[in-house]
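Below: one structure, written as structure tokens.
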Amino acid sequence: MTHLKLSIDEQIADMQGKGITFLYSNKEDAKHFLKYNTYYFKIKAYERNYDKYNATDKKGQYINLDFAYLKELSILDMYLRKTILSMALDIEHALKVQLLYDLSQNPLEDGYSIVNEYLGHDFTTVKSIHDKIGKSATSDLIQKRLNENDSYALWEIVEVLSFGHFIGLYQLYYSKYPSKNNFGSYLWSLKFLRNAAAHNNCLLNSLKAPYKVVLHKNKDILFEISKIKTISEKSRTTWMKNPVIHDFIILVYVYLNVIKSSGIKQHGIEQLNWLFHDRMLRHKEYFEKNISIKECYRFTTKVITTLCNKYRK
């Protein structure tokens, strides 16, 4: 199905036709926001959090939806993505530090055999590394190792692998050399969320069930949350079906456990506190009538606050 291209004036009219009001943000402000801050297709995504009338002359129009609500959700989404990216980069670095420390304490591994085994599993990984020549800050290292039959040491290859490929290597290492420091079961959730944030995908546009993605929930995280007495089983079951909520909680849990620098960890906790206890509440009156958004916020905030208090040190 194709859709007509709309000018900004036509976009405003289209929203009005769908029952979206401009009580808290006038039309001129909305036009400015659509011209300089975002675009119609993106801000429309947050409409999914709202119900429509099923009857009366308003059938098909949104119930209690103002443009200001969409604008606020898009701004909060931006802050959430920035927080995710910052934390994910810290986690990636900390995982490499941990892996290389464990290697240094492992008399059974020289740092080359594990890489040879990993690269031997799938030639597409080698090709993806070669494709970075001329396009990456690590081009010189990749070219040098290409001339030496891709003979990387573990401490070298972690510099050139994408996060997804690093996860594969990380999981291989700890499958051969088990350790209590192994966070491998959480990392694909981190990759999904990190990539979504890096590509500026909307994250807060799917807070209302049902969810399109069938999620394989992490049992360790579910058990961790089950110990929070102020969260009911129903609430836990409902919100942990949401892929973004599930993966964000995993991100925070891994961050608090894998980051060993007290300064970095405290900075991350301060970011979370500002986002959830300050910025997200700035226009809380916008969402008073939206049960899904309110309940999602309450659940996530309880979990994040509990985890931060528990794993602060």
Side-chain angles (χ1 to χ4, degrees), residues 81-200 218 247 250-265 267-268:
R81 292 194 301 269
K82 287 180 179 293
T83 300
I84 288 168
L85 281 176
S86 176
M87 296 177 73
L89 288 172
D90 288 344
I91 288 171
E92 183 177 358
H93 177 71
L95 290 172
K96 292 175 181 178
V97 171
Q98 169 218 306
L99 177 61
L100 295 178
Y101 174 79
D102 288 347
L103 171 69
S104 72
Q105 303 300 302
N106 184 358
L108 302 177
E109 178 59 57
D110 63 2
Y112 287 89
S113 61
I114 189 71
V115 177
N116 288 335
E117 182 177 350
Y118 171 69
L119 294 180
H121 283 168
D122 186 358
F123 178 74
T124 60
T125 303
V126 179
K127 183 179 183 304
S128 70
I129 295 173
H130 294 169
D131 288 344
K132 293 182 178 182
I133 294 175
K135 306 172 187 177
S136 167
T138 58
S139 289
D140 289 347
L141 173 59
I142 297 171
Q143 184 64 62
K144 183 177 180 181
R145 290 294 170 258
L146 175 60
N147 297 334
E148 298 173 356
N149 298 316
D150 296 304
S151 58
Y152 289 92
L154 185 59
W155 51 89
E156 294 175 324
I157 200 166
V158 297
E159 297 297 310
V160 305
L161 291 177
S162 68
F163 187 52
H165 285 135
F166 169 75
I167 290 173
L169 176 59
Y170 180 97
Q171 291 179 328
L172 174 64
Y173 182 92
Y174 287 109
S175 69
K176 291 176 67 69
Y177 309 110
S179 167
K180 65 180 181 179
N181 294 324
N182 182 7
F183 291 90
S185 64
Y186 304 105
L187 299 187
W188 291 114
S189 290
L190 264 64
K191 178 179 180 292
F192 163 78
L193 202 59
R194 177 186 187 270
N195 287 352
H199 289 94
N200 276 325
N218 186 285
D247 291 347
I250 285 180
L251 173 85
V252 174
Y253 175 80
V254 173
Y255 183 89
L256 293 168
N257 281 275
V258 80
I259 302 295
K260 302 304 179 185
S261 165
S262 58
I264 292 175
K265 182 183 289 191
H267 176 70

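Atoms considered below: every heavy atom in the structure, side chains included; atoms not considered: hydrogens, waters and symmetry mates. No experiment lies behind these values; they were computed from the predicted model shown. Starting from 1, each residue takes its place in the sequence as its number.
In terms of the side-chain contact (heavy atoms from CB on, under 4.5 Å) criterion, residue partners of W155 (sequence neighbours excluded) are, by chain and number, L100, L103, Y112, A153. The side-chain contact (heavy atoms from CB on, under 4.5 Å) test applied to S136 returns K132, T138, S139, not counting sequence neighbours. Take E117 and apply the salt bridge (charged side-chain N to carboxylate O under 4.0 Å, His left out) test, not counting sequence neighbours, and it matches K176. For S261, the side-chain contact (heavy atoms from CB on, under 4.5 Å) partners at least two apart in sequence or on another chain are I264. By the salt bridge (charged side-chain N to carboxylate O under 4.0 Å, His left out) test, K265 is found to be paired with no residue, residues two or more places apart in sequence or in another chain being considered. Residues passing the side chain to side chain donor-acceptor pair (under 3.5 Å) test with D140: none are found, sequence neighbours excluded. For the side chain to side chain donor-acceptor pair (under 3.5 Å) test, residues two or more places apart in sequence or in another chain that qualify with H130 are D150. For K135, there are no salt bridge (charged side-chain N to carboxylate O under 4.0 Å, His left out) partners two or more places apart in sequence or in a different chain. Under the salt bridge (charged side-chain N to carboxylate O under 4.0 Å, His left out) criterion, D110 pairs with no residue, sequence neighbours left out. Partners of Y186 by ring-ring contact (aromatic ring centres under 6.0 Å, His included), not counting sequence neighbours, listed by chain and number: Y253.
For residues 154-168, the set of pairs meeting the salt bridge (charged side-chain N to carboxylate O under 4.0 Å, His left out) definition, not counting sequence neighbours, comprises R145-E156.
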Distance-only check: which donor-acceptor pairs under 3.5 Å involve side-chain atoms of residues 161-173, not counting sequence neighbours?
| residue | atom | partner | partner atom | Å |
| --- | --- | --- | --- | --- |
| S162 | OG | H165 | N | 3.2 |
| S162 | OG | H165 | ND1 | 3.2 |
| Y170 | OH | Q98 | NE2 | 3.2 |
| Y170 | OH | N181 | O | 3.3 |
| Y170 | OH | F183 | N | 3.0 |
| Q171 | OE1 | W188 | NE1 | 3.4 |
| Q171 | NE2 | G184 | O | 2.9 |
| Y173 | OH | N106 | ND2 | 3.1 |

